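Here is the structure we will look at, set down as structure tokens.
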Amino acid sequence: MVSVMNEINHNNHQNKGMTVSLQDLNEPQYQAVTTTEGPVLVIAGAGSGKTRTLVYRVAHLLAQGVHPESILLLTFTRKAAQEMLWRAGILLNDSCKRVVGGTFHGVANTLLRRYGSYLGFSSNFTIIDRSDAEGIVNLLKSSLGLGGKNKQFPTKRVIVNMISGAVNKSIELESLIHEQYGHLSEHVDDILSLRTSYEEFKFNHGLMDYDDLLVNWKRLLAEVPEAREIISGNFKYIMVDEYQDTNLIQADIIRLMAYNHDNVMVVGDDSQSIYSFRGADFYNIMRFPKIFEETTIVKLEENYRSTQPILSLTNDIIRNATEKYTKSLFTSIEGDKKPKVYGARDELAEARFICKKITEFYEGGTEVKEIAVLFRSGFHSYKLEIELASNGFDFEKRGGLKLTESAHMKDVLSFLRVLENPIDNLSWNRILLQLDKVGPKTAQKITQAIINAEDPFQALAEYPVGKAWEKGLKSLAGLFEDLRAKELSPAMLYEIVLDYYQPFFEQIYRDDYPKRQKDLEQLKAIISSYEDLQTFIDDTALDPPETSAAVHAAVEDKLVLSTIHSAKGLEWDVVFVIGLADGRFPHASAELGAQREEERRLLYVAATRAKKRLYLTYPRELMTPDRQFRRVGMSSLLSELRPGLFERIEDTSQGFSFPTTRPETISVSTVKRRKGKRLSLRDFSVGCRVDHPFFGEGEVRKIVQPSTLEIAFNRHGVKSLHVDYAKLKLL
DNA sequence: AAGTGCCAAATTTTT
DNA sequence: TTTGGCACTT
């Protein structure tokens with residue numbers, strides 16, 4: 001079973017101790033939770049100790065003599081599972097260590113490896129992530145003659161979103177397209193056939209995506225009575241944290257897992273449902289009492305986290321929700337500091353404000369790890385990151401790219417993946433493309449030969465070589481001979497792979513391979529703790545290790561920068577929510593209806609992370625992707641709030657002369673460009689004539705700081721061009 | 001067929 | 001900052 005137990009002891013330092021004793025079980029609000037028989041639904045607000053009720057329930061069950069291995073704790077993220085069981089460990093000493101816990105996907109993986117043969121598939125599947133899925137779709141797009149010049153056709157990312165969305169919401173892809181992607185209706189047939197090819201591709205190559213894990217888990221329970229008996233018989237008590245984040249399939253799975261005992265306890269808060277893009281549906285909470293008759297509903301309304309002024313504001317955020325089923329939270333925590341709202345002139349001013357405040361808090365005695373900066377999207381913090389770094393602040397960024405999503409990591413993992421699953425087309429392709437003189441065409445041909453052969457590795461060794469790449473293919477075949485020669489530990493295998501890969505690595509990433517080398521070494525450390533290669537591969541797919549910088553940071557007292565999604569379930573003394581500007585938050589394509597409601601809940605989640613102090617900030621001017629500046633207003637989510645609930649801070653960073661000379665961040669690429677006879681903005685003036693290699697002659701109409709020119713071309717109209725990129729000549 | 005260099009466009013959130 | 005497409009060279 002997914003064993004998070006082993007990791008718990010190593011992670012102690014990360015947790016702030018929750019000191020509880022068994023006597024706490026007698027607190028009235030937990031009585032119902034711990035002593036009720038049958039299904040229990042706990043609806044509770046932010047900071048009310050939801051997870052704690054789960055731990056208490058486990059404690060109670062164990063005290064009653066329930067066998068720990070018959071308790072299954074399902075949580076959303078692996079981190080949450082670790083934290084929960086660690087807490088249980090404090091309460092229960094060692095007996096909890098045999099409680100089974102993990103994520104839905106992790107448990108699905110284990111069960112499918114063990115019982116997948118009931119459904120008629122091999123247990124040798126490889127789990128693919130989003131970018132793999134996008135890769136497959138891209139491949140199929142061109143082979144089906146879609147996309148390309150047809151700019152109207154949706155991108156691979158949109159297609160993967162659609163396919164996955166249809167699965168998660170349990171509706172037909174076709175109706176989903178009409179409902180949510182109306183403008184793509186004319187492509188319905190193409191998209192459907194693309195989906196069919198995608199399913200075939202995965203099936204033929206032993207690949208399974210995240211959705212498949214859940215779908216097949218459900219099928220196993222629903223369609224194979226024998227498997228259902230065994231599996232649900234094993235787990236007599238099922239508990240789910242963050243229930244508002246489950247989708248319909250997961251709700252069905254829970255129903256089936258408990259089909260003969262109904263011992264289910266779920267905990268959730270409908271106001272914190274922020275994963276609907278992945279099919280999560282907070283109606284699951286409302287439906288729960290209907291699915292499980294005789295459900296006991298427990299509401300927890302006391303907040304143990306935040307001060308009253310913060311709570312008043314967060315209550316007001318959710319007050320405006322069009323649909324809510326909630327409770328009004330109260331607290332007895334003292335505090336009189338109202339949340340602050342700050343409108344900065346631009347992103348730089350916003351970043352400087354944050355730096356200044358952090359310094360103040362630090363000097364006032366707040367630990368840096370008790371401060372967090374939260375934002376809607378990963379890239380919203382770029383400016384702040386630069387500013388923090390130049391002021392000498394250390395920080396840890398959460399969310400964004402995972403270690404195993406980087407190209408060099410995928411490269412090395414591919415070798416290990418084909419060892420376990422020799423028909424993994426994607427990985428073979430990746431490996432072969434590294435060879436000199438082998439491109440997409442050749443790689444695809446060789447891959448086909450390999451995966452259709454009886455003995456794939458022999459087929460590789462015997463493949464009729466072309467002169468140009470004979471040497472490369474032979475040495476590759478030699479590598480696999482070494483890898484398969486005898487039983488080797490994952491760590492040994494990895495050593496051999498690295499040895500082979502190193503020269504390719506230095507060639508492919510010659511610009512920055514020293515930086516990437518650290519990642520390869522980090523993986524070495526991780527892999528050496530595994531005895532079994534398959535487990536290692538599964539774990540890296542389901543729970544990618546963090547980048548070396550983040551691992552390093554976790555040990556130290558560091559400021560946290562995080563997307564709101566990754567901050568869920570955590571809390572800090574001081575929280576800054578940045579980028580609360582129109583078009584950013586709510587996200588530009590989510591300004592209406594249900595999507596906007598989700599953005600509101602997202603802000604609610606962000607604001608409720610704060611224990612003592614809360615700052616909400618926004619820039620009045622943003623740089624758009626094409627390097628233009630655009631004035632923006634305060635987020636509509638903020639302007640809806642009752643003014644008395646927060647204080648405004650005036651922008652004091654104003655007041656210097658025009659024209660502004662901004663401190664410029666000089667990247668390697670700009671330095672390179674400067675070396676040439678590249679012109680800079682001050683070489684131009686309004687009205688001067690220029691020549692562009694493609695657009696021809698034109699006249700400068702406007703100069704937009706820091707580096708954009710608006711030029712009216714004789715034949716191509718008005719264009720905005722970046723002075724560093726456009727090859728302009730002065731006439 | 002494969003590799004290289006250049007330009008312009010895009011950039012949600014995650015198991 | 002990264003990526004995809006295109007035109008050009010090997």
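Values below: every heavy atom of this structure, side chains too, minus hydrogens, waters and symmetry copies. In what follows, every chain begins at residue 1, and chains take the letters A, B, ... in the order their sequences are listed. In this text, all values refer to a predicted model and were calculated from it rather than measured experimentally.
Rounded to the nearest 0.5 Å, atoms CZ (A/Phe375) and OG1 (A/Thr617) are 11.5 Å apart.
Listed nucleotides B/dT15, B/dA1, B/dT13 differ in distance to A/His565; the shortest reach to its side chain belongs to B/dT13. Listed nucleotides B/dT15, C/dG4, B/dT13 differ in distance to A/Ser377; the shortest reach to its side chain belongs to B/dT13. In this structure, of B/dT12, B/dT15, B/dT14, it is B/dT14 that holds the atom nearest to the side chain of A/Ser566. Among the nucleotides B/dT12, C/dG4, B/dA2, the one closest to the side chain of A/Thr442 is B/dA2.
The nearest whole Å value for the distance from the CE atom in A/Met208 to the C1' atom in B/dT15 is 15 Å. What separates NZ of A/Lys397 from P of B/dT12 is a distance of 13 Å, to the nearest Å. Spacing between atom CD of A/Gln595 and atom C1' of B/dT13 amounts to 12 Å, rounded to whole angstrom units. Residue A/Tyr210 contributes atom OH, which lies 12 Å from atom P of B/dT14 at whole-angstrom precision. Spacing between atom CD1 of A/Ile578 and atom P of B/dT13 amounts to 14 Å, rounded to whole angstrom units. Following rounding to the nearest Å, A/His587 (NE2) and B/dA10 (P) show an atom-to-atom distance of 14 Å. The distance between atom CG of A/Asn161 and atom P of B/dT15, rounded to the nearest whole Å, is 15 Å. Regarding A/Phe379, its CZ atom lies at a distance of 12 Å from the C1' atom of C/dT1, rounded to whole Å.
Residue pairs that meet the salt bridge (charged side-chain N to carboxylate O under 4.0 Å, His left out) test with at least one member in residues 155-167 of chain A, sequence neighbours left out, are A/Glu134-A/Arg157.
B/dT13 has A/Phe277 stacked on its base ring, the centres lying under 5.5 angstrom apart and the planes within 30 degrees of parallel.
A/Tyr275 comes within 4.0 angstrom of sugar-phosphate atoms only, judged by non-hydrogen atoms across all strands, and of no base. Residue contacts shown for A/Lys568 are absent, as no nucleic acid heavy atom lies under 4.0 Å away.
The aromatic rings of A/His565 and A/Phe277 sit perpendicular to each other, their planes meeting at more than 60°, with 30° as the lower class boundary.
Geometrically, A/Arg113 engages A/Phe125 in a cation-pi contact defined by less than 6.0 Å to the ring centre and at most 45° from the axis.
The side chain of A/Lys437 places no N or O atom within less than 4.0 Å of a non-bridging phosphate oxygen (OP1 or OP2) of C/dT10. Within the structure, every side-chain polar atom (N or O) of A/Thr563 is placed at least 4.0 Å from both OP1 and OP2 of B/dT12.
Applying the ring-ring contact (aromatic ring centres under 6.0 Å, His included) test to A/Tyr198 and every residue at least two apart in sequence or in another chain returns nothing.
Summary of the strand contacts: A/Lys441 and A/Tyr382 both lie near DNA chain B, and taking for each the nucleotide with the nearest heavy atom, the more 5' one is attributed to A/Lys441.
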